[in-house]
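To start, the structure itself, in structure tokens.
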Number of protein chains: 2
Amino acid sequence: MTISEIARLANVSIGTVDRVLHKRGRVAPDTIKKVMTIVDDYGYQPNTFARNLKLNKEYRIGVLLPLLHSEYGYWNLIYDGILKAAKELSPLAVSISVAEFDRSNPDSLLENGDKLMQEEPDAILMAPVLPDASRAFLAKHPQLDYAFIDSPLPDMNPVSSVVQDPFRGGYMAARMMHLLSPQEGTYLIIQTHKTAFNSHERARGFKSYFTGRPGYKRLELEMQTTNGGEIFIEQACREHADIRGIFVVNDAVHRVATFVSLLGRKSQTILIGYDLIDQNRKAMLEGKVDCLISQRPNFQGYTAVYQLYRKEMLGQTPEKTICVPIDIVLPENLTDEESFSTLPNTYT
Amino acid sequence: MTISEIARLANVSIGTVDRVLHKRGRVAPDTIKKVMTIVDDYGYQPNTFARNLKLNKEYRIGVLLPLLHSEYGYWNLIYDGILKAAKELSPLAVSISVAEFDRSNPDSLLENGDKLMQEEPDAILMAPVLPDASRAFLAKHPQLDYAFIDSPLPDMNPVSSVVQDPFRGGYMAARMMHLLSPQEGTYLIIQTHKTAFNSHERARGFKSYFTGRPGYKRLELEMQTTNGGEIFIEQACREHADIRGIFVVNDAVHRVATFVSLLGRKSQTILIGYDLIDQNRKAMLEGKVDCLISQRPNFQGYTAVYQLYRKEMLGQTPEKTICVPIDIVLPENLTDEESFSTLPNTYT
DNA sequence: TAATAATGCGTTATCGAACCCCATATATTA
DNA sequence: TAATATATGGGGTTCGATAACGCATTATTA
């Protein structure tokens, strides 16, 4: 079904059909009805190739993420996925512009968001780790489509949110902790961004697993990037001889792991953390980390880009929420690379 | 960079540029060189929209899979992923044709493959579970692009293979078995297609984990679809009082699980199997299955379709091998739906 | 009533690539 | 030398959607 076929069937010109389809007015009500009937009956879908050829427009996605080169490699994994999608979609006139912000400074989000808007993006892909600033930024551009990754932002209307249930992730981590170190004792929970939704929920999920198991105690600890959080860990280990495991709610687990190994307490301590960043991969291979929960960060970035593209370029309506499965990574299923790249050819 | 820009820069007509690009001859050697220099310098890429609009051709992918409505729901999950990709890509002129074959009958693959070829597909997406017949089929159509899912086919040259390492999967299953049931004893390994590459390798991986752990014994059992494999399980349970766990190398684990529960032996037996088909999901929720390994079947089908599309329509070079991570599914991270199950609701 | 505005609908150029036809220019042969 | 063959390149059309433009016809206002 093409516009000219519709025009022929309706005994009007293609210009009229076009005016009906785009609601540009100047068409008699009867003619509109006649055309729309045919459109509906035949299920007309505009030809994507013709449409985009004529419009001849780049679709630019503005990406707004926390500092990529911070010590939290997680954001780089997300960025990898975004880049991969952008590369695949570049022949389809999709491009990205990137801006970073300092997640410890809400003003930074607004400033860099404004800078990003100067590139005139058609949509925004962002991680709403700073809820208020994120809302404020989006409120300034009410017509803009946007998608969220990493965490949701309630009461907003994104094209799509690609997220993982953090409570469930923490609960899963606790289950693995229990499996890997069944003996009763104390578990240490370490956070770095205590106010962050994901961190908080993961810790809550972890604790929730052990509710009703009185033999297992939990001890919470906050560790800043800047301070020597190591001191507190050492202190906790001294004061609690029965520490069986440490759960770090984000990708910083390798730092804790290295320190625990240094203290010589690795053999009696199970370490569980988040995300397959290189340092965590390495720490796991060295036996310093026992289990990682992955939230498939590259998948998140990759998928969010595709969802925005499908909405805009193909006119499809993406799933409002894409819930990323909670991946359990143990040394036995730790592969060299994530599914986004080629693996050594073991099949010959 | 467009054809006409190249033409302008080279002081020739667009017709000449076109003849150079398509090597259709009738161009002076000097002109060819002049044009190609510009093409290379500016990195000319043909406009996908213009190209496909003009060619106005459907890209049809022929899908050749084992019977979808057999009791092995795994193939349906793969098919779901293929369908999802096909729906997303339908506005980009991609379509699929499906044929099924009986994996117990190699001739059936050839017959249904021939039937599929009558639809004149531009590429084939198949599961080479019958290596010889698959080779024979592909040999009949030497010019055809193809991709493999489920398992690889050595010495072939597919556009892409989307597979999981079955040895490693079996090894992982053993590790989980060991974690969930640490006590020494006997483990039962149940296969249904003993000759199948994946089955065999998974069993081998499982056994390999326990090599060097003399306290753990393995007992292998073959169970056909047709016979009452249950008899053998019952017999094995009678003869071996120390059976701690059962590993089923494919999605049939729910059958075994149901039977073990019926025998009243579930509480002392850990059950591990493959894939998130509905019955297994249900069995896990009911506590009849303890752990599942997922090979992300919908991802496999989905990705393979996209790889073929990217090669043909976008001229991209896909990864030769895409290795699917080994997913561990426990009741705690069993979600209601896979991330691939929800479809855009606009598609008609 | 004349001037002007509003309405309805058809025509046409455009996007970039593909491909065919035809007009020259040059080479070859009778 | 003239006729014919061949090499080379120019130009036009097509794919389908979009939107500007133009031309009637009718409605509204001065």
Give Leu53(A) one of three labels, base, sugar-phosphate or nothing, depending on what nucleic acid heavy atoms sit under 4.0 Å from its own.
base

Please say whether more than 12 non-hydrogen atoms of neighbouring residues, nucleotides or ligands are located less than 6.0 Å from NZ in Lys23(A).
no

Spacing of Leu55(A) atom CG relative to dA19(D) atom C1', expressed in whole Å
10 Å

Let me spell it out: for each of Gly15(B) and Phe49(B), pick the nucleotide of DNA chain C with the closest heavy atom. Which residue's pick is nearer the 5' end?
Phe49(B)

Quick check on contacts: within residues 16-38 of chain A, what sits under 4.0 Å from DNA chain C by heavy-atom distance?
Thr16(A), Arg19(A), Arg26(A), Val27(A), Ala28(A), Thr31(A)

For the pair Tyr306(A) and Tyr306(B), name the ring-plane relationship: parallel under 30°, tilted 30 to 60°, perpendicular over 60°.
perpendicular

Atom CG of Asn56(B) to atom P of dT14(D): distance rounded to whole Å?
14 Å

Closest-nucleotide 5' rank along DNA chain D - winner of Lys54(B) and Ser13(B):
Ser13(B)

Can you confirm whether more than 12 heavy atoms, excluding those of Lys33(A), are under 6.0 Å from its NZ atom?
no

Using whole Å, report how far CD1 of Ile3(B) lies from C1' of dG10(D).
14 Å

Does Gln295(A) offer a backbone N or O that forms a donor-acceptor pair with the side chain of Gln300(A) under 3.5 Å?
yes

To the nearest Å, how far apart are Asn47(A) CG and dG16(D) P?
7 Å

Just checking, any donor-acceptor pair under 3.5 angstrom between side chains of Glu5(B) and Tyr44(B)?
no

In whole Å, I'd like the distance from the CZ atom of Arg51(B) to the P atom of dG16(D).
17 Å

Working to the nearest 0.5 Å, report the span between CZ of Arg135(B) and CG of Leu109(B).
12.5 Å

Can you measure Asn52(A) atom CG to dA17(D) atom P for me and round it to whole angstrom units?
12 Å

Check: Pro325(B) main-chain N/O paired with Gln164(B) side-chain donor or acceptor under 3.5 Å:
yes

From the 5' end of DNA chain C to its 3' end, which nucleotides mark the outer limits of contact with chain B, defined by a 4.0 Å heavy-atom distance cut-off (strictly under)?
dG16(C) to dC22(C)

Of the non-hydrogen atoms in Val163(B) and Ser151(B), which two are nearest, and what is the gap between them?
CG1-C, 3.5 Å

Cationic N near anionic O, under 4.0 Å, Glu88(B) to Arg310(A):
yes

